[in-house]
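Each chain gets a letter, A, B and so on, in the order its sequence line appears, and its residues count up from 1.
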Protein chains: 2
Amino acid sequence: MSGNGMAGSMKGMGMTMDDNLQANMDEYLPLRDVVFKTLRQGILTGELKPGERLMEIHLANRLGVSRTPIREAIRKLELEGLVTMIPRRGAEVAQITIKSLQDVLEVRKALDALAIELACARITEEDIQLLKAACDNFEQMTKTKDSTQIAKADVELHDIIVRASHNDKLILMVNNLAEQMYRYRFEHIKDAAQHERLISEHQKIYQSLAARDAIAAAEAVKEHIDNQEKAIMIHLDK
Amino acid sequence: MSGNGMAGSMKGMGMTMDDNLQANMDEYLPLRDVVFKTLRQGILTGELKPGERLMEIHLANRLGVSRTPIREAIRKLELEGLVTMIPRRGAEVAQITIKSLQDVLEVRKALDALAIELACARITEEDIQLLKAACDNFEQMTKTKDSTQIAKADVELHDIIVRASHNDKLILMVNNLAEQMYRYRFEHIKDAAQHERLISEHQKIYQSLAARDAIAAAEAVKEHIDNQEKAIMIHLDK
DNA sequence: TTGTATTTAATTATATACAATTTAAAATAA
DNA sequence: TTATTTTAAATTGTATATAATTAAATACAA
């Protein structure tokens, strides 16, 4: 714990401006954001379990930083709904109840419907190509049987669709909602039996989007989410 | 700056348990939350203007606290989209563009539609009564010509509707969106010419909700929001 | 034993101190 | 004058110190 505060920045590396003219020197991230991402990752992957206390000194030692960036990261997680604060007792990983998941799913359905509707009207030709590539990539990944890679490809694909809505607020909110279900969605995607269906659902969404057929797209997305919901609910019961 | 950290808690008041048996002694709020609310209020009312820098020491001195709670409050405002962070330069009040407002409105329409749909199915008789009272109260308030009171009555009314959805996530998100438009909604509500229409719109919403007529309710809400949108857009152009 | 004080330890909440960085200002050279 | 360095001031980022509070452990009385 040397007391310096470098975080991803290239510091004292004898690198001059000439070395990389318009390079993105801006890979600087405040420690609070590094911690934020780390903790979020931990929560979403289940490494940090619901109900687990997040104690500042412990985390600080573990991550090799002071308590300040830890606290600031927790504030953000708090607003994101990933941790629960108990005043003067600290933070703990938010407990996810069936009710809270149902609530999230309910809202997500509405926002995904909005996203696909807007995307139909606003998606660019470029993004249609990107989406096609993402569909293909997802299919490839299912063959590798590497769940992490599959999940990543899936997130990538959905990201393209939501971004195609060109509504920044919507993008933010859908991402937040998706995040809350990440754990369960992950389990869903790990199930190889689902892969064929997922691929065909993606295909259907892509096609209706490419054709800018809002009605077909809405239907395809609804089916996709309903299936996801079922899978999650089944998974929750056990 | 005396260095104590009391905030709303009843401390050293010689109050015993007997004085108020099951009272809510828990009126304690961490300073960060006091600051959070204060800054948010400032931003939403326009006291803190878009683009204005939020400098920690200044705010700390102004509010009589240290930088720590200020920073933590800013982290939350950051995630809420009310302030923009520029690394190593600090926070500034988020610039509200027409585009960003349109985005918010677009999402809000979808979520309000969802809220009213759910509310139709789930609202309790009690809440129907509450809603009626809130409608009447709004009408009363318009007569006082006190904009702050009118706005408060309006917020109250909408709160009842959204809460009737019994979807906690939805409640949270709609409130966040409503917040982003507060400034402009306030201007809208100040316009006495709108009052009659607002009253009748509220009435229509109440009636369809009481009758649990989802279709009529959806229509009434749509009309209500569309009008609000128009008013805001007109106001923005000047 | 069981329940109630009392003390101790752990932890959060807040404040302050120090370091790194950026911005503004002043000085210097073209 | 206009650019370019250099210096100084302000500000953020991070770490640490202190205060207040809570939770746990212990001691004590019924």
Using a cut-off of under 3.5 Å, enumerate the N/O to N/O pairs linking the protein to nucleotides 6-11 of chain C.
none

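- Look at B/Lys109 and A/Glu117 and you find no salt bridge, because none of the NZ, NE, NH1 or NH2 atoms lies under 4.0 Å from a carboxylate O.
- Rounding to whole angstrom units, CZ of residue B/Arg67 and C1' of C/dA13 are separated by 16 Å.
- Annotation: side chain of B/Arg108 is not in contact with side chain of B/Gln180 (no heavy-atom distance under 4.5 Å).
- The nearest pair of heavy atoms linking B/Asn167 to B/Arg122 is CB-NH1, 4.5 Å.
- A distance of 12.0 Å separates NE2 in A/His166 from CD in B/Glu106, rounded to the nearest 0.5 Å.
- Remark on the helix from C/dT1-D/dA30 to C/dA30-D/dT1: inter-end axis angle 0°, axes from five-pair C1' superpositions, rounded to 10°.
- The CG atom of B/Leu31 sits 13 Å away from the C1' atom of D/dA19 (whole-angstrom rounding).
- A/Ser66 has a side-chain polar atom (N or O) that falls below the 4.0 Å cut-off from OP1 or OP2 of D/dA15.
- The separation between A/Ile70 atom CD1 and D/dA15 atom P is 9 Å, rounded to whole Å.
- With rounding to whole Å, B/Arg32 atom CZ is found 10 Å from C/dT14 atom C1'.
- Taking a 4.0 Å limit (strictly below) on heavy-atom distances, residues 71-86 of chain B reaches DNA chain D at B/Arg71.
- Residues A/Val93 and A/Lys49 share a closest heavy-atom pair of CB-O, 3.3 Å.
- B/Asp33 and B/Lys37 are not joined by a salt bridge, as no carboxylate oxygen comes within less than 4.0 angstrom of a charged side-chain nitrogen.
- Note that CD of B/Glu56 is 8.0 Å distant from CD1 of B/Ile70, once rounded to the nearest 0.5 Å.
- With values rounded to the nearest 0.5 angstrom, A/Leu130 atom CG is found 12.0 Å from A/Ile161 atom CD1.
- Here D/dA23 presents its P atom at 11 Å from CD of A/Glu92, a figure rounded to the nearest Å.
- The aromatic rings of A/His202 and A/Phe138 lie perpendicular to each other, with more than 60° between the two planes, well past the 30° mark.
- Side-chain atoms of B/Val155 and B/Arg185, non-hydrogen and from C-beta on, do get closer than 4.5 Å to each other.
- A/Leu59 has its CG atom 16 Å from the C1' atom of D/dA15, to the nearest Å.
- A salt bridge does not link A/Arg75 with A/Glu72: every distance from a Lys NZ or Arg NE/NH1/NH2 to an Asp or Glu carboxylate oxygen is 4.0 Å or more.
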